[in-house]
Undergrad: 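So that we are looking at the same thing, I have put the structure below in structure tokens.
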There are 2 protein chains.
Amino acid sequence: MTTGALAGQAASSTVERLLDAAAGAFADRGFHATTTRDIASRAGLSPAGVYVHFDSKEAVLYALSRRGHEAALDLVRGSATGPGTPTERVARVMSGFATWHAEHYEVARVVQYEFPHLQPEHRDEVLTLRKDIDEAVRELLEEGVASGEFEVTDVRETALALMSLCIDVARWYSPGVRRTPDRIGPTYASLGLRLLGARA
Amino acid sequence: MTTGALAGQAASSTVERLLDAAAGAFADRGFHATTTRDIASRAGLSPAGVYVHFDSKEAVLYALSRRGHEAALDLVRGSATGPGTPTERVARVMSGFATWHAEHYEVARVVQYEFPHLQPEHRDEVLTLRKDIDEAVRELLEEGVASGEFEVTDVRETALALMSLCIDVARWYSPGVRRTPDRIGPTYASLGLRLLGARA
DNA sequence: GTCTATACCTTGATAGAC
DNA sequence: GTCTATCAAGGTATAGAC
């Protein structure tokens, strides 16, 4: 299911199993507390088996983080530039992005919290994806301000606030918590519209 | 200055220096990536020097996390139950809490992100402080709803959203970033009032 | 492509002198 | 209370057989 979160590849090649295993382990205990033995055993391999497919533990993190960011960018961009009024699109962005952080909370945690542990060059690569996400949101807000649907004093601050709401879902969500992914969508769409001074 | 963030003790006893050192190291690289040697050398001690004052690396994390949570609780409770209308008090809570996450972003990161790495008993202890913070905010929102100042459909969800906005500051803030702590306060007060449908 | 075995290093923590 | 020296455990990564 993590696989689905990332791209929708043919499931359970060994690489896919390793990435799923790493997502679970990194989300559970963090990058540095996770051992290559953890990853290997979760994927049903011996400790050495990891190194056939990845050069290092950090290479696993990079692959996972990159895919996660790409999935997030696709999701946000798709909703932000799709059909409908800016109001409708913001609602879709907030609903989809918040829900994604819950449904795929393992990958989402890796994306949000393990980012600082990437090697500098890998961090730079991923950073451009992050900037693309922010930009997609800012552009959508500009549209809504131009059309008169949104009442926003500072687009940059407001875009960050919208993202903060969704991103923080990855911190508090886990299966078994009171809130469910399908209720999170409408809630966060509504919160977003409030921040924009828009009528639902 | 981290010291000031925590309680306002007489500065630079060895324990204080160790906690400051640990805050910097944990915030920079995370609990597990930080070595006891890192902490010791930042505090100007030999590797063994740490163990005169703390039983283990986790004990350092616990002391730091506990103090940080206590400072956060004092801040929120003080603003939430102080003088003024619910609207004024929410503005003060948001301004103060968001600013705290920037000004003391090292301790704040430890509070928000290293919490899962506490031992179970220590996690439970700290969890009660977290619940107290949430409850203080929820009670304030109930007051504002009762007085007719806030227009909120779900107090629980809205309280979480307010906290999410402030907490996420610790993720993106660092010195040198565009936004400054003194501008963050008014911005987040205003965002909070919007979420509550209140007039500034 | 996977395994077993292992090299090499860093880590958390302790012992014992001062 | 701080140091130097050190240990035991566990970490990443590799070698070489199958």
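Just so it is clear: chains get the letters A, B, ... in the order the sequence lines come, proteins before strands, and each one is counted from 1.
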Undergrad: Expressed in angstrom and rounded to an integer, what is the separation of B:E58 atom CD from C:dT11 atom C1'?
TA: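 One finds 17 Å between C1' of C:dT11 and CD of B:E58, rounded.
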
Undergrad: Is there a side chain to side chain donor-acceptor pair (under 3.5 Å) between A:T87 and A:E149 once you walk through the steps?
TA: CA-CA 7 Å; A:T87 299; A:E149 290 168 57; 2.5 Å; yes

Undergrad: Can you establish whether the number of heavy atoms outside B:D55 located under 6.0 Å from its atom CG is more than 12?
TA: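 No, CG of B:D55 has 12 or fewer neighbouring heavy atoms, counting only those of other groups under 6.0 Å.
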
Undergrad: In whole Å, I'd like the distance from the CD atom of B:E16 to the P atom of D:dG1.
TA: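 Computing the B:E16:CD to D:dG1:P distance gives 14 Å.
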
Undergrad: Using the C1' atoms of five pairs at each end, what's the angle between the two axes of the helix from C:dG1-D:dC18 to C:dC18-D:dG1, to 10 degrees?
TA: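 Inter-axis angle at the ends, rounded: 0°.
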
Undergrad: To check you understand the geometry: which heavy-atom pair defines the closest contact between A:L75 and A:G96, and what is its length?
TA: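 Smallest interatomic distance, heavy atoms only, reads CD2-O, 3.5 Å.
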
Undergrad: Looking at A:D154 and B:R179, is there a salt bridge between them, counting it only when a charged N and a carboxylate O are closer than 4.0 Å?
TA: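 Looking at B:R179 and A:D154, the cut-off is not met.
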
Undergrad: In residues 45-55 of chain A, what residues come within less than 4.0 Å of DNA chain D, judged by heavy atoms?
TA: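 Correct list: A:A48, A:Y51.
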
Undergrad: Taking NZ from A:K57 and P from C:dT10, how many angstroms apart are they, rounded to a whole number?
TA: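 In whole Å, C:dT10 P lies 15 Å from A:K57 NZ.
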
Undergrad: Check this for me: does any side-chain nitrogen of one of A:R138 and A:E142 sit under 4.0 Å from a carboxylate oxygen of the other?
TA: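 Salt bridge between A:R138 and A:E142, a charged N being under 4.0 Å from a carboxylate O: no.
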
Undergrad: With ring pair (Phe, Tyr, Trp, His ring centres under 6.0 Å) as the test, pick out the partner of A:Y173 among A:Y105, A:W100, A:Y188.
TA: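 Among A:Y105, A:W100, A:Y188, the one that satisfies the ring pair (Phe, Tyr, Trp, His ring centres under 6.0 Å) with A:Y173 is A:Y105.
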
Undergrad: Looking just at side-chain N and O atoms, do B:R17 and B:T14 make a donor-acceptor pair shorter than 3.5 Å?
TA: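 Result is yes, a qualifying pair exists.
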
Undergrad: Are there more than 12 heavy atoms of other residues, nucleotides or ligands under 6.0 Å from atom CD of B:Q119?
TA: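 Atom CD in B:Q119 is packed in, count exceeds 12.
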
Undergrad: Could you pull out the closest heavy-atom pair between B:L64 and B:A22, with the gap in Å?
TA: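 Between these two residues, the closest heavy atoms are CD2-C, 3.9 Å.
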
Undergrad: Kindly give the heavy-atom pair with the smallest separation between A:V111 and A:S65, and that separation in Å.
TA: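 So the two residues come closest at CG2-O, 4.2 Å.
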
Undergrad: Give, ordered by number, those residues of residues 25-38 of chain B having at least one heavy-atom distance below 4.0 Å to an atom of DNA chain C; if nothing qualifies, reply none.
TA: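 Correct list: B:T34, B:T35, B:T36, B:R37.
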
